[in-house]
Amino acid sequence: MDEAVQAVRRDLGSDAVILETRATRRGGFLGIFSRTLVELRATTADQVRPKKAPTSPEPPVITTSVHARKAYLESGIDPSSTPLGHEARREQTRSMARSMLKEIDVPQQPAQVTAPSQEGAFRDELDEIRGLVERVLHVQQHRTPDETPPVAEEVFDLYMDLLAQECSEELAADALNAVTSTLAPEELVDRQRVRHALVDHLATFIPVADGSLLSTSPDGRPLTMAMVGPTGVGKTTTVAKIAAAYRLRQGKKVGLITLDTYRIAAVEQLRVYAEIIGVPMHVARSRDELADTIERMSDLDVILIDTAGRSQKDTDRIAELRSWLEQIDPHEVHLVLASTASRSVLLSEAEEFSQVGIDRVILTKLDEAVNFGMLVEVTHRIGRKLSFLTTGQEVPDHIETARPSRLAELVLNAGGVS
Ligand SMILES: Nc1nc2c(ncn2[C@@H]2O[C@H](COP(=O)(O)OP(=O)(O)OP(=O)(O)O)[C@@H](O)[C@H]2O)c(=O)[nH]1
Ligand SMILES: [Mg+2]
């Protein structure tokens, strides 16, 4: 960024004004290995003031800088490891916003600067940030301060909430720009209206499978579903919950197979669930045994396959899993991911397990999650449809078929799953 600013000053003179900074990620897969490109829009100082006031102000456009997150991290706070309350997280985000806004080199406008400083100690810190946001907005839109529409309190708070939940600045800004451009000015001050519009908008980001349990196989074979994923995310528990839903709610003939002969007691764990639910359960110790077992279960309606948890870094074992599943060609392979993992871990898990051939994503442990904004974004970037969400340890109750608005609602309900 410094280099870019110096280049602008060299070309346009030392009093050049930076109108807009934009950092975009380019290249890579699932956002990984991508590069950050920095774009600056600048002009000479005498070009900044508009000649004529626009008659009807446009809705504000919120843009941010990637350096905000850098400043946040440099503050010594690791957002993924610090168990903070909602208010404390919002406070961190405010400080991030201040760093971000100071970094964007906005020319000082007397009307904006003198009033707050005269009020001195009475000035709310939040107003300071809001003032900075508005200054950025009017500079971007070539307006004088008088022409800048205020950032509605609700919109501003929601923007901060999204950042506090580790939503990227890009997604938060896009979502709120979409909301501000579709709502009338009087709706923008209606908290409920703004929240509903944001839920609706975020829901469009989340690919979701048909909200009901798939009940018939498309090809006459038993409907075959395999659960794969990292260690300890809840695969076996989720297999038991889905088996119970098919058996107890739909009266289907269900069978379970486990491929996990790796972890001590893994077989026993699934066997206990199978006995409680009242379904047959088999262990497959080799590829051939798996094919034979599937053959022997051909009179069932549904076969659920549990697999051993694998680190996303263990590419050999993930490749082995692929070759086992390839030969039986399940109708659906569900990648099971824990909502408690960080954004980067989730994206790397999705990338590595994609070689198995993922059809659906299950998010588990939603009851323990805190960063729902991040989950919306990660789900969007993974691009596979969400099938189930799990919300606790209890079998069979703590599972729900995914709905588009569920995660979006959780983003706005800081209290989490109820
Ligand atoms: N809080 C919470 N805990 C869950 C949820 N789902 C599973 N668990 C717990 O997570 C732990 C691991 O669950 P498992 O089902 O054994 O996980 P797994 O992915 O099969 O683990 P491995 O087979 O060892 O890879 C258990 O204590 C479960 O009770 C959930 O939705 N919420
Ligand atoms: Mg397991």
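Read the numbers this way: they start at 1 and go in the same order the structure lists the ligands and their atoms.
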* For His331, the option from Asp359, Thr224, Ile303 that meets side-chain contact (heavy atoms from CB on, under 4.5 Å) ->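 So, applying the side-chain contact (heavy atoms from CB on, under 4.5 Å) to His331 and each of Asp359, Thr224, Ile303, only Thr224 qualifies.
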
* Given Val239, which of Thr307, Asp306, Ile305 fulfils the side-chain contact (heavy atoms from CB on, under 4.5 Å) condition? ->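 Output: one option passes, namely Asp306.
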
* Identify, by atom number and element, the atoms of ligand 1 in contact range of Asp260, meaning under 4.0 Å from any of its heavy atoms. =>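 Under 4.0 Å from Asp260, ligand 1 has these atoms: 23 (O).
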
* To do: Heavy-atom contacts with Gly309 under 4.0 Å: which atoms of ligand 1 show up? List them by number with element.
  =>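 This gives 25 (O) as the contact atoms.
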
* To do: Check whether any side-chain heavy atom of Val179 lies under 4.5 Å from a side-chain heavy atom of Leu158, and answer yes or no.
  => no

* Asked: Would a 4.5 Å heavy-atom cut-off, applied to side chains only, mark Leu337 and Pro230 as touching?
  -> yes

Just to be sure I'm reading this right: ignoring hydrogens, which of [options] gets closest to [atom]? Compare them by their nearest heavy atoms.
| atom | options | value |
| --- | --- | --- |
| atom 29 (O) of ligand 1 | Lys235, Gln393, Glu368, Arg310 | Gln393 |
| atom 13 (O) of ligand 1 | Val417, Thr236, Thr391, Thr237 | Thr237 |
| atom 21 (O) of ligand 1 | Ser311, Gly232, Gly229, Ala265 | Gly232 |
| atom 11 (C) of ligand 1 | Lys365, Gln269, His398, Lys241 | Lys365 |

* Applying a strict 4.0 Å limit to heavy atoms, is Ala266 in contact with ligand 1? -> no

* Give the C-alpha distance, both sets of side-chain angles, the deciding distance and a yes or no for salt bridge (charged side-chain N to carboxylate O under 4.0 Å, His left out) between Arg191 and Asp157. => CA-CA 10 Å; Arg191 180 167 288 271; Asp157 281 353; 3.5 Å; yes

* Asked: Between Arg271 and Glu268, is there a salt bridge with N-O shorter than 4.0 Å?
  -> yes

* With the threshold set at 4.0 Å, does a side-chain nitrogen-carboxylate oxygen contact exist between Arg406 and Glu400? ->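 Looking at Arg406 and Glu400, the cut-off is met.
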
* Pair Glu377, Ser168: side-chain N/O donor-acceptor within cut-off below 3.5 Å ->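 On atom types as modelled, these side chains qualify, holding a pair under 3.5 Å.
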
Around [atom], find the nearest protein heavy atom and jot down its residue, atom name and distance.
| atom | value |
| --- | --- |
| atom 17 (O) of ligand 1 | Gly234 N, 3.0 Å |
| atom 24 (O) of ligand 1 | Arg263 NE, 2.7 Å |
| atom 31 (O) of ligand 1 | Thr390 OG1, 2.6 Å |
| atom 5 (C) of ligand 1 | Gly392 O, 3.5 Å |
| atom 32 (N) of ligand 1 | Asp367 OD1, 2.9 Å |

* Asked: Within 45° of the axis and under 6.0 Å from the centre of the six-membered ring of Tyr262, does NZ or CZ of Arg310 qualify?
  -> yes

* Asked: Near the Mg ion (ligand 2), is there an N/O/S atom from Thr307 that is less than 2.8 Å away?
  -> no

